[in-house]
2 protein chains.
Amino acid sequence: MNRQGKKITIRELAEAAGTSAATASLVMNGSWKQHRINPDTAERIRVLAQQLGYQPNQRARALRLSRSSLSGLIIPHHRNRFFAGLAEHFEHESHRRGLIPIIGSTQRVPEIEDKVGASMIAQEVEFLVLAGIRNPSKINAMSRRAGVRCVNLDLPGKDTFSVVTDNMGGALELTRRLLAGLPLNAPVMFLGGRMREYATDLRIEGFHAALSETGRAKTSATVLCCGYDPQAARDALQRIIDAGNDLPAALLVNSITAFEGFATLWRDHPELFSGIRVACFDWDPFASCLPIETIMLRQDVEGLIGRCFDWFDAGQERAGELVLVPPRVVLDNYPPDRNK
Amino acid sequence: MNRQGKKITIRELAEAAGTSAATASLVMNGSWKQHRINPDTAERIRVLAQQLGYQPNQRARALRLSRSSLSGLIIPHHRNRFFAGLAEHFEHESHRRGLIPIIGSTQRVPEIEDKVGASMIAQEVEFLVLAGIRNPSKINAMSRRAGVRCVNLDLPGKDTFSVVTDNMGGALELTRRLLAGLPLNAPVMFLGGRMREYATDLRIEGFHAALSETGRAKTSATVLCCGYDPQAARDALQRIIDAGNDLPAALLVNSITAFEGFATLWRDHPELFSGIRVACFDWDPFASCLPIETIMLRQDVEGLIGRCFDWFDAGQERAGELVLVPPRVVLDNYPPDRNK
DNA sequence: AACTTCTGCTAAATCCATTTAGCATATTTC
DNA sequence: GAAATATGCTAAATGGATTTAGCAGAAGTT
């Protein structure tokens with residue numbers, strides 16, 4: 001075979017076959033017929049390539065063709081079902097198109113977002129998806145300058161095409177179910193996320209719409225945007241208790257990470273939560289096993305990634321346009337009789 | 001700036017500065033001092049590079065230097081805390097070394113494993129970590145041939161250095177706690193994983209060792225290796241019930257995915273599980289909130305990735321050697337009084 | 001004035017695969 | 001038998017950055 005640790009080049013392959021590198025290249029890339037290479041020669045080269053374990057140097061190839069064969073996805077982190085699901089589908093769709101996926105996480109820190117974005121662009125990814133980036137304009141602009149096709153996912157931006165979950169519709173549906181049959185004067189709360197952030201604002205809007213529908217005043221509900229950190233959500237609830245107040249009768253939690261804070265507090269002090277109804281704008285298999293009736297919303301991860309690649313495949317610009325993907329309500333741990 | 005969608009090359013940068021490409025390259029790579037480039041010239045080039053937004057073409061650079069600046073991690077999937085944690089730490093450590101991490105998942109399908117491995121090697125990653133690959137020998141061999149440094153994580157192999165959790169010690173500790181105070185004749189069970197697979201076998205060994213310690217016969221416990229699929233684990237338990245038998249009094253679940261099957265069955269039929277004690281060789285924040293006393297084991301994700309990079313940094317071969325990383329017992333949802 | 005030494009820079013080769021234009025033979029046509 | 005056509009292949013340019021060997025000219029030395 002080849003020398004230890006050294007990859008064989010097309011020139012060596014050609015030499016072994018007694019041809020020129022050009023011939024070998026034409027054969028390896030399947031365009032030998034148009035170039036009238038003798039079928040026997042082609043076969044000989046193909047067999048030899050197999051035997052010698054010839055693998056074209058991807059970097060030389062990419063340089064020549066100006067195609068990196070890379071695709072990039074940026075997510076806040078891996079440690080939640082939503083982003084992990086995005087990662088898996090992104091991988092799958094990338095492979096289907098012969099692209100090698102690079103996934104980078106940023107912990108939602110803007111500086112890291114920019115750095116990871118820049119590094120993906122420096123790698124000349126052919127397609128870049130920005131998921132959950134609060135302010136994607138900067139990376140959108142860098143992409144445009146570098147000629148990298150870039151789409152925003154989950155949180156949109158005006159500088160390129162965006163794909164997002166139907167946040168308002170989802171929150172409306174979720175809140176409707178949460179309020180069904182609840183006394184009009186029962187205290188209701190929205191917990192987690194960040195004010196003035198696209199997704200959170202729309203979810204609050206859906207939440208308020210459901211309140212109005214049922215004859216409740218917007219002001220009758222508490223909205224507590226404490227970010228996405230589990231501990232922050234827990235602390236927010238704890239402070240209510242410490243202040244001597246009761247927890248709400250119905251609670252809409254804005255993300256699975258905030259829900260984690262809720263869950264650990266519930267675990268440690270279940271007595272505080274008796275009779276509470278909960279809904280969560282996200283889904284997790286274990287969360288759906290907790291013995292708290294929780295209405296969960298499963299975002300359509302496959303659909304979201306699918307729309308991104310549709311845009312990529314179509315090759316249209318559509319800057320500023322938005323595609324909404326509806327989420328699905330999940331009632332895993334609802335008692336069957338209320339599972340209409 | 002540069003023309004739309006076209007990146008500026010070092011030759012254009014050099015032209016703008018009125019120098020040769022060689023000079024520009026020397027300046028951009030910091031080796032200009034050794035080459036007696038005039039500090040003024042160097043400064044001029046640096047300023048211009050900034051203004052024009054010059055970014056060296058990574059592919060040309062990689063081709064010339066035979067360094068891809070890529071690192072690769074292969075995992076079964078993203079959708080669980082253990083592998084997601086590995087991914088995040090791998091990313092972090094890669095960035096610290098100026099490497100761009102590529103993460104690929106394989107759904108534990110051998111054909112996909114080989115394909116993803118081959119594609120990483122074709123990309124000439126400088127460092128490759130194979131996590132949770134049952135039979136890494138093939139990819140180990142491919143790596144060696146291509147001169148790619150490769151380490152096995154979680155499941156070891158004899159062909160290169162391996163880093164694994166202390167499965168036996170962990171299972172021993174976990175089982176000890178599971179059995180503490182349990183009547184000698186209470187039925188005990190081990191659920192999930194795959195027979196003859198390194199990790200599972202060692203965990204069973206630890207499980208048996210704890211049985212012996214407490215005066216129980218190996219044969220007194222049931223070992224049910226039904227793989228890693230949640231549904232398979234659930235079905236395995238369901239079959240016991242369908243056969244008219246009781247579930248065990250103490251259950252050691254071999255992975256978080258199998259635990260998911262256990263959890264959904266428990267959710268749907270809690271009455272079947274009264275008084276059961278459970279331990280799980282893995283951890284998940286929501287799982288640790290279930291109102292079932294569960295002894296969980298949190299693998300040291302950071303330590304595992306850390307040992308991999310230590311090996312990479314040291315540059316030694318150590319083929320076949322094994323490093324054990326101890327896991328940590330977590331008792332999140334244990335009542336405080338038993339939380340010694 | 002003839003020499004060495006130093007300064008500041010560059011030409012050219014290199015990494016490897018791809019692709020176009022075109023060169024020899026061989027074969028066919030009238 | 002000369003011209004036209006077909007066959008099978010290759011030389012050379014290309015992509016962009018890196019690096020070595022070495023060229024001019026200035027400055028210093030005796």
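Chain identifiers are assigned alphabetically (A, B, ...) following the order of the sequence lines, protein sequences preceding nucleic acid strands; residue numbering begins at 1 within each chain.
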*Between atom CZ in Arg44(B) and atom C1' in dC9(C), what is the gap in whole Å?*
11 Å
*Rounded off to whole Å, could you give me the CD1-to-P distance for the Ile37(A) and dT19(C) pair?*
13 Å
*Take the angle between the ring planes of Trp311(A) and Phe161(A) and call it parallel below 30°, perpendicular above 60°, tilted in between.*
parallel
*Checking all strands, does Arg59(B) fall into the base, sugar-phosphate, or nothing category for heavy-atom contacts under 4.0 angstrom?*
nothing
*So what does Ser31(B) hit on the nucleic acid, given a heavy-atom distance under 4.0 Å: a base, only sugar-phosphate, or nothing?*
nothing
*Quick one: the side chain of Arg36(B) and the base of dG8(C), do they pair up donor-acceptor inside 3.5 Å?*
yes
*Specify the separation, in whole Å, of atom CD of Gln55(B) and atom P of dA17(D).*
11 Å
*Rounded distance (Å) that lies between atom P of dC9(D) and atom CD1 of Ile45(A)*: 8 Å
_If you assign Thr9(B) and Arg64(A) each to the DNA chain D nucleotide with the nearest heavy atom, which residue ends up on the more 5' nucleotide?_
Arg64(A)
*asked:* If I take atom OH in residue Tyr54(A) and atom C1' in nucleotide dA17(C), what distance separates them, rounded to the nearest angstrom?
replied: 6 Å
*For His35(A) and dT20(C), what is the distance between atoms NE2 and C1' respectively, to the nearest whole Å?*
8 Å
*Got a donor-acceptor contact below 3.5 angstrom from the Arg97(A) side chain to the Glu93(A) backbone?*
yes
_Phosphate contact (dG8(C) OP1 or OP2) by Thr41(B) side-chain N/O below 4.0 Å_ = no
*Determine the contact category for Thr19(A): base if any of its heavy atoms lies under 4.0 Å from a base atom, sugar-phosphate if only primed atoms, P, OP1 or OP2 are that close, otherwise nothing.*
sugar-phosphate
*Ignoring backbone atoms, test whether Thr23(A) places a side-chain nitrogen or oxygen under 4.0 Å from the OP1 or OP2 oxygen of dT10(D).*
yes
*Nearest-neighbour nucleotide for the Leu65(A) side chain, dT18(C), dG8(D), dT10(C) considered*: dT18(C)
*Does any donor atom in the side chain of Glu91(A) or His78(B) lie under 3.5 Å from an acceptor atom in the other side chain?*
yes
*Quick one: on DNA chain C, does Ala60(A) or Leu26(B) contact a more 5' nucleotide (nearest heavy atom)?*
Leu26(B)
_Does dT18(C) have OP1 or OP2 under 4.0 Å away from a side-chain N or O of Asn29(A)?_
yes
*Distance, rounded to the nearest Å, where Arg11(B) contributes CZ and dA17(D) contributes P*: 8 Å
*Ignoring backbone atoms, establish whether Asn38(B) has a side-chain N or O less than 4.0 Å from OP1 or OP2 of dT7(C).*
no
*asked:* Using a 3.5 Å distance criterion without hydrogens, assess whether the side chain of Glu12(A) forms a donor-acceptor pair with backbone atoms of Thr9(A).
replied: yes
*Where the side chain of Ala22(A) is defined as all heavy atoms beyond and including C-beta, which of dC16(C), dT14(C), dA12(D) is the nearest nucleotide?*
dA12(D)
*Whole angstrom value for the distance that separates P of dT14(C) from CG of Leu63(B)*: 14 Å
_Candidates dA17(D), dA11(D), dT18(C) - which lies nearest the side chain of Ile10(B)_ = dA17(D)
*What's the spacing between Arg64(A) CZ and Arg61(A) CZ if we round to 0.5 Å?*
11.5 Å
*Using a strict cut-off of less than 4.0 Å between a Lys/Arg side-chain nitrogen and an Asp/Glu carboxylate oxygen, indicate whether Arg11(A) and Glu15(A) qualify as a salt bridge.*
no
*Short side-chain N/O contact from Arg61(A) to OP1 or OP2 of dC16(C), under 4.0 Å*: no
